[in-house]
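Here the structure comes first, spelled out in structure tokens, and everything after it is commentary.
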Amino acid sequence: MGIIAAIALPTMNSLKPNVAAAATRSLLDAVTHARQLALSQRTTVYMVFVPPSFWADGNYNVNWTPTTRSRLPTCSKSK
């Protein structure tokens, strides 16, 4: 039983999700998508990084009104 556990333990550790690698891959995918969008439309694409709870927090949206500058096209996540 101990031999089976010794063999299985390294395999079980490799199945844990790598959060840092997943975040890096997600960022790389977003930058690649923004680059492709900029090249295909021959324009500047802005990437804005906000905290995950940005849209849910009412303190961020107080007295905010849209302007021409803020109406930039957004990229939707297809995955």
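Within the model, atoms CE of M47 and CG of L27 stand 6.0 Å from one another, a figure rounded to the nearest 0.5 Å.
Nearest heavy-atom pair, A34 versus V45, reported as atom, atom and distance to 0.1 Å: O-CG2, 3.7 Å.
The side-chain contact (heavy atoms from CB on, under 4.5 Å) check on T44 picks up Y46, with sequence neighbours excluded. Every residue two or more places apart in sequence or in another chain that forms a side-chain contact (heavy atoms from CB on, under 4.5 Å) with L39 is listed here: R35.
For the pair T24 (side chain) and A20 (backbone), a donor-acceptor distance under 3.5 Å is present.
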